[in-house]
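To start, the structure itself, in structure tokens.
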Amino acid sequence: ILSVADPAHPSVLGWIDLGDMVQGVAVSGSYVYVANAGAGLKIVNVSNPVSPTVTGAYNTLGSAANVAVSGGYAYVAGAFSGLQIIDISVPAAPTLTGTYDTFGAAYGVAVNGMYAYVADDTFGLQIIDVSTPSSPSQIGLFDTPGNAYSVALFGSYAYVADYASGLYIINVSNPASATLAGIYDTPGNAYGVAMV
């Protein structure tokens with residue numbers, strides 16, 4: 001946990017060893033939700049950032065590659081195990097609510113309202129209806145040409161880091177019929193993307 005109060009001189013406030021690779025994090029309130037590779041989902045209390053503690057954990061199927069949090073649920077991109085929706089209303093006792101086995105390897109996830117957007121490796125962007133978390137279902141897709149590793153949302157657009165194919169910007173105003181809005185061919189391989 002770093003303090004960036006002075007961006008020119010970030011400093012370490014605290015740390016915690018979670019036992020496996022940290023592949024993705026999401027922050028909500030006093031908790032950090034960690035996609036902890038083979039160790040699954042870890043929920044870390046950071047109310048005292050100098051001394052973070054593990055509050056709860058859920059041993060996901062497959063390797064937890066990324067996580068997004070919305071409305072009392074953690075949405076875990078579980079690589080070859082697809083999307084897993086975990087009830088985190090009791091942080092000390094997270095429970096599995098629903099799963100959706102995507103076509104490829106779910107490496108990234110972002111959530112907006114009743115839809116989860118999954119970066120699904122060679123199968124591009126998968127759009128999953130999560131309005132009923134116990135029974136998610138695919139509503140749309142956009143098959144990017146590369147390997148979709150990460151996704152971020154802003155307005156009506158999904159921004160996909162598509163490895164060797166660069167950045168793909170996809171219009172998802174109609175999730176059932178996503179369309180290409182733009183492409184930027186990055187000089188290297190695009191692994192991650194964020195919007196602010």
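We number each residue from 1, following the sequence as shown. Hydrogens, waters and symmetry mates play no part in the numbers below; they use all other heavy atoms, side chains included.
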Could you tell me which non-hydrogen atom of [X] sits nearest to which non-hydrogen atom of [Y], and how far apart they are?
X      : Y      : value
Asp101 : Ser81  : OD1-C, 4.3 Å
Ser165 : Pro145 : OG-CG, 3.7 Å
Ala190 : Gly166 : CB-O, 3.8 Å
Pro175 : Ser173 : CD-O, 3.5 Å
Ala148 : Gly124 : CB-O, 3.7 Å
Ala65  : Ala35  : C-CB, 3.8 Å

Partners passing side chain to side chain contact (heavy atoms under 4.5 Å, CB included) against Ala39 (at least two apart in sequence or in another chain):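 Ala39: side chain to side chain contact (heavy atoms under 4.5 Å, CB included) contacts with Asp20, Asn36, Lys42.
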Side chain to side chain contact (heavy atoms under 4.5 Å, CB included) partners of Thr122, counting only residues at least two apart: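 Once residues adjacent in sequence are excluded, the partners of Thr122 under the side chain to side chain contact (heavy atoms under 4.5 Å, CB included) criterion are Asn147.
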Any non-hydrogen side-chain atom of [X] less than 4.5 Å from a side-chain atom of [Y]?
X      : Y      : result
Ile1   : Pro52  : yes
Pro94  : Ile43  : yes
Ser63  : Gln23  : yes
Ser177 : Asn174 : yes

For [X], which residues count as a side chain to side chain donor-acceptor pair (under 3.5 Å) partner, sequence neighbours excluded?
X      : value
Asn48  : none
Thr144 : Asp162
Gln84  : none
Thr186 : none

Asp120 and Thr102 side chains, donor-acceptor separation under 3.5 Å: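 Judged by distance alone, the side chains do pair up.
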Test side-chain contact (heavy atoms from CB on, under 4.5 Å) applied to Val76 and Ile86, step by step: CA-CA 8 Å; Val76 177; Ile86 299 167; 3.9 Å; yes
Pairwise ring-ring contact (aromatic ring centres under 6.0 Å, His included) hits with a residue in residues 43-65, at least two apart: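 Of all non-adjacent pairs touching residues 43-65, none passes ring-ring contact (aromatic ring centres under 6.0 Å, His included).
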Pairwise ring-ring contact (aromatic ring centres under 6.0 Å, His included) hits with a residue in residues 9-56, at least two apart: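 Listed by first then second residue: nothing to list.
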Backbone N/O of Asp129 and side chain of Gln138: donor-acceptor pair under 3.5 Å: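 Checked: no pair found.
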Who else is in the cluster with [X] when I, L, V, M, F, W and Y are joined by side-chain contacts under 4.5 Å?
X      : result
Ile183 : Met114, Tyr115, Tyr117, Leu125, Ile127, Ile139, Phe142, Val151, Leu153, Val160, Tyr168, Ile170, Val172, Leu180
Leu83  : Tyr73, Tyr75, Ile85, Tyr100, Val109, Val111, Val118, Ile128, Val130
Phe103 : Phe123, Leu141

Ring pair (Phe, Tyr, Trp, His ring centres under 6.0 Å) partners of Tyr149, counting only residues at least two apart: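 Scan of Tyr149 (ring pair (Phe, Tyr, Trp, His ring centres under 6.0 Å), adjacent residues dropped) gives Tyr107, Tyr163, Tyr191.
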Spatial distance of atom OG1 (Thr60) from atom CG (Leu41) [nearest 0.5 Å]: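 If we round to the nearest 0.5 Å, Thr60:OG1 and Leu41:CG are 7.0 Å apart.
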Test applied, side chain to side chain contact (heavy atoms under 4.5 Å, CB included); reference residue, Val34; option that passes from Ile16, Val54, Val22: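 So the option named by the test is Val22.
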Cluster overlap Leu18 with Val46, hydrophobic side-chain contacts below 4.5 Å: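 Cluster IDs for Leu18 and Val46 match.
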Same apolar cluster (I L V M F W Y, side chains within < 4.5 Å links), Met195/Tyr157: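 The answer is yes; both residues are in one hydrophobic cluster.
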